[in-house]
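What follows is one structure encoded as C-alpha cells, with my remarks underneath.
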Amino acid sequence: MKRVILYLKRETVLCIAVFLAVISMFFVRPDRAYAGYIDTRVLALLFCLMTIMEGFKKTGLFEQMANTLLKKVHTFRQLMLVLVGLCFFCSMWITNDVALLTFVPFTILVLRMAKLDQRMIPVITMETIAANLGSMATPVGNPQNLYLYSVSGMSALSFVKVMGPLSLVSLLLLIGGCLLQKNESMQIEQIRRKTKKNKTAENLILLFLFCVSLATVLRVLSWAVLLGITLLICLFLFGSGKEEFLPLRVDYSLLLTFVAFFVFIGNMGRIPIVKELLIKVLEGHELILGFAASQVISNVPAAILLSGFTTDYPMLLRGVNIGGLGTLIASLASLISYKFYVQESEKNETAGTKGQYFRYFTVWNIVFAIVLLAVNVIV
C-alpha cells in the first residue's frame with residue numbers, strides 16, 4: 001500500500017491523465033479512430049531529446065562549462081548572474097528540467113563551499129524562474145513548446161515572433177532581480193571544483209544527435225530517421241563501453257502522460273456537446289485560461305488539454321509558458337529545484353526553511369507573472 005501511495009505522489013500527473021483517459025473511454029468506446037489520437041512525431045521527438053540530454057548529464061559537459069565561467073567570478077552578484085544566466089540560456093536547448101537537474105545541485109555545492117549557504121533561497125528561486133522562462137524561447141526548450149509547435153504547424157520564424165519579446169523582457173527582469181540582491185566579495189578558490197573525466201568524443205556524438213533533433217523539429221528530417229539514428233548511436237555507445245544504454249534512463253512517465261492526454265482529448269473531441277462548450281469557453285481567452293489551468297495541473301498538461309479546442313496557438317503558447325510561473329506545481333520543473341533545496345535544508349540550518357523558500361518563491365513568481373501578462377497585452 002505504501003508503494004502505491006508513493007507512486008501516486010511521484011507520478012500524480014500521469015495518474016490523473018490515465019484516470020481521465022479511462023473515464024473518457026466509457027463515453028467513446030475504443031475503436032480504430034483511437035490510433036489517430038496519438039501524435040507519434042511528438043512522442044519520438046520527446047524520446048530522442050530526453051535520451052540525448054541524459055547523455056549530456058552523464059558526460060558532465062554543462063558542469064564543466066559552469067566551472068570555466070565561475071573562475072572569473074569575484075562577487076556574489078557576479079556569481080548569481082552566471083548561475084541564473086546558465087539556467088536561462090541552457091534551458092533554451094537542453095530543456096528546463098535538465099537545466100535545473102544540472103545546475104541546482106552544482107549551485108548548492110558552490111554556495112556551500114563559498115560559505116554563502118544563507119543565499120541559497122534567492123539563487124535557487126531565480127535559477128528556477130530563469131529555466132522556466134528561458135525554455136520558452138525555443139521549440140525544444142520544454143515539452144509544451146515542442147508539442148504546440150508541432151501541432152500548430154507554425155514556422156520557426158513565427159515561433160520566434162510569438163515568444164521572442166517575452167523572452168527578452170524575461171531576461172531583463174532576471175538581470176534586475178539579480179542586481180537587487182545584496183552584494184559581497186568572495187574567494188574564487190573556494191568555489192573551484194574538479195570536473196569529470198574528459199569525454200570529448202561522447203560530447204561530439206551527442207552534439208551531432210542534438211543537431212539531427214533540431215533538424216527534425218524544424219521539419220527538415222522525418223521523426224523516423226531521427227529515431228533510427230538515435231537508437232543506433234546509443235547502441236554504439238553502449239557496445240563500445242563509453243556509456244550505458246541511454247534510452248533506459250528516459251522519463252517514460254512523461255511519454256505515457258502525453259499518450260493518456262492524447263486519448264482523453266481525442267475522445268472529448270468526438271463528443272459534440274463537450275467540444276462545442278470547450279471551444280466556446282476558450283475562444284478569445286486562450287492566454288488567461290492557459291495561465292490559470294497551468295496553476296492547477298501544470299503547464300504541460302494544460303497545453304495538451306486546451307490545444308484540442310482552439311486554433312489560436314500563439315496565445316495558448318504564451319499562456320502556458322507564462323503559466324509556468326506562480327504556484328510550485330505550475331511547472332513541474334520547479335519541483336526539481338524544490339526537492340534539491342529541501343534535501344539541503346534538512347541537513348543545513350543555515351540554508352533556511354521550506355516555509356521561507358515557498359514564500360520567497362511565490363512572491364517572485366507572482367511578480368514576474370504579472371509583468372509578463374501585462375507585457376503580453378502591450379505587445
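Just so you know, residue 1 is the first one in the sequence shown, and it goes up from there.
For the side chain to side chain donor-acceptor pair (under 3.5 Å) test, no residue two or more places apart in sequence or in another chain qualifies with D39. By the side chain to side chain donor-acceptor pair (under 3.5 Å) test, Y37 is found to be paired with N267, R270, residues two or more places apart in sequence or in another chain being considered. For F103, there are no ring-ring contact (aromatic ring centres under 6.0 Å, His included) partners two or more places apart in sequence or in a different chain. For Q78, there are no side chain to side chain donor-acceptor pair (under 3.5 Å) partners, not counting sequence neighbours. Residues forming a ring-ring contact (aromatic ring centres under 6.0 Å, His included) with Y357 (at least two apart in sequence, or on another chain): Y338, Y341, F361. Remark: S150 engages R41 in a side chain to side chain donor-acceptor pair (under 3.5 Å) (not counting sequence neighbours).
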List the atom pairs, donor and acceptor, that lie under 3.5 Å between side-chain atoms in residues 83-93 and the rest of the protein, sequence neighbours left out.
from: S91; atom 1: OG; to: C87; atom 2: O; distance (Å): 2.9
from: S91; atom 1: OG; to: F88; atom 2: O; distance (Å): 2.9
from: S91; atom 1: OG; to: A131; atom 2: O; distance (Å): 3.2
from: S91; atom 1: OG; to: S135; atom 2: N; distance (Å): 3.1

What side-chain donor-acceptor pairs closer than 3.5 Å can you find for residues 274-284, not counting sequence neighbours?
none

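Considering only heavy atoms from C-beta on, L101 stays 4.5 Å or farther from M53 through its side chain.
Counting only residues at least two apart or in different chains, salt bridge (charged side-chain N to carboxylate O under 4.0 Å, His left out) contacts with residues 118-139 comprise R119-E184. Screening residues 245-256 for salt bridge (charged side-chain N to carboxylate O under 4.0 Å, His left out) gives E54-R249, E244-R249 as the qualifying pairs, with residues at least two apart or on separate chains. Under the salt bridge (charged side-chain N to carboxylate O under 4.0 Å, His left out) criterion, no residue pair touches residues 363-372, with sequence neighbours excluded.
E344 has a carboxylate O that lies under 4.0 Å from a charged side-chain N of R112, or vice versa, which qualifies the two as a salt bridge.
With hydrogens and angles ignored, the 3.5 Å screen pairs no side-chain donor or acceptor of T362 with any backbone N or O of R359. At least one donor-acceptor pair closer than 3.5 Å links the side chain of T327 to the backbone N or O of Q295.
Cluster partners of F238, using a side-chain heavy-atom cutoff of under 4.5 Å among ILVMFWY residues and allowing indirect links, are L235, F245, L248.
The one candidate from T95, V217, N145, T216 that meets the side-chain contact (heavy atoms from CB on, under 4.5 Å) condition with V140 is V217.
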